[in-house]
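Remember, it's a predicted structure, so these values are computed and weren't measured experimentally. Read the numbers this way: they start at 1 and go in the same order the structure lists the ligands and their atoms.
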Amino acid sequence: MRVVILGTATSYGVPVIGCRCATCTSTDVRNKRTRASAYVETDEGPHLLIDSGPEMRLQMLREGLSHVDAVLYTHLHADHTAGIDDLKAFNARLGGILPCFGDAPTGVALRERFAYAFAGTPWIGLIPHIGFTAVDAAPFFVGGTCVQPIPMRHGAIRSTGYRIGKFAYLTDTSGIPSASRELLRDLQVLVVDALRWEPHPTHFSVPEALALVDDLQPEHAYLTHVGHTLEHQTTNDKIGPRVEVAYDGLRLEL
Ligand SMILES: [Zn+2]
Ligand SMILES: [Zn+2]
Ligand SMILES: [Zn+2]
């Protein structure tokens, strides 16, 4: 399977508008972060998009990606869903409804905010057509690919991580219940939320993410949903080499 990390920023994006800090003014392209998202192409064929943030269209164009068979939503926050209107490009390529998966509250929120995308009117190319399936902790199939949802805490709400084969993607989490941890053993690559060094009520800090890596022992781990207080190289110098800060456009082969 192949993975493309489409975006690695927290909700503000990096650079932050108006900020003159060392990360926001850096010329290192790895410090230019769009909102968190990933793309997975499995050996069985399906092309899976994890979240559709506000820069989804630009991320797909930047990476030369053109096909999505299904979208896996981690949760309902706008930095993970606001690109929904641009999903119509994949309806056009599929010639029908785009299957989307996520927990039940995410489905309710998407239907409220983007009711027109669920209207079921004949498709004439102007709007996306979403078919939403609510998932909990039970594995499900997209095409021939098994997807394992990972229930997580994200401040006062729940979020969903996803495991596909030996790859796991856990953005936007402040806690992973023990039952979910058991679904995360024997990983080749773990991508996990780490907003900043200091604790935060709704996200893992770098020390919390490193503690998870220590517990799960994946072969390699990457930090995502990264804020501007984490400059790429100086952070890597402290946490590497087994754990690194992810960057937009990072490609992984598993
Ligand atoms: Zn987020
Ligand atoms: Zn900054
Ligand atoms: Zn969030």
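Under a 3.5 Å cut-off, the side chain of Asp193 and the backbone N or O of Asp172 do form a donor-acceptor pair. Looking only at distances, a side-chain donor or acceptor of Thr235 sits under 3.5 Å from a matching main-chain atom of Glu231.
Considering Met60, Met56, Gln59 as possible partners of Ser37, the one that fulfils the side-chain contact (heavy atoms from CB on, under 4.5 Å) test is Gln59.
Taking the Zn ion (ligand 1) as reference, His225 places its N/O/S atom NE2 nearest. The atom of His228 nearest to the Zn ion (ligand 2) is ND1, with the search restricted to N, O or S atoms.
Atoms NE2 of His75 and ND1 of His77, as seen from the Zn ion (ligand 3), are separated by an angle of 90°, to the nearest 10°. Vertex the Zn ion (ligand 2); arms to Cys21 atom SG and Cys24 atom SG; angle 110° (nearest 10°). With the Zn ion (ligand 1) as the vertex, atom OD2 of Asp79 and atom OD2 of Asp172 span an angle of 170° (nearest 10 degrees).
Pro149 and Asp136 get closest at one heavy-atom pair: CB-O, 3.1 Å.
Here the OG atom belonging to Ser11 is positioned 9.0 Å from the NE2 atom belonging to His77, to the nearest 0.5 angstrom.
Between the Zn ion (ligand 3) and His154 there is an N/O/S contact shorter than 2.8 Å. For a distance bound of 2.8 Å, the N, O or S atoms of His80 include none lying that close to the Zn ion (ligand 3).
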*May I have the step-by-step check of salt bridge (Lys or Arg N to Asp or Glu O under 4.0 Å) for Lys32 and Asp248, ending in yes or no?*
CA-CA 8 Å; Lys32 311 278 184 223; Asp248 288 30; over 6 Å; no
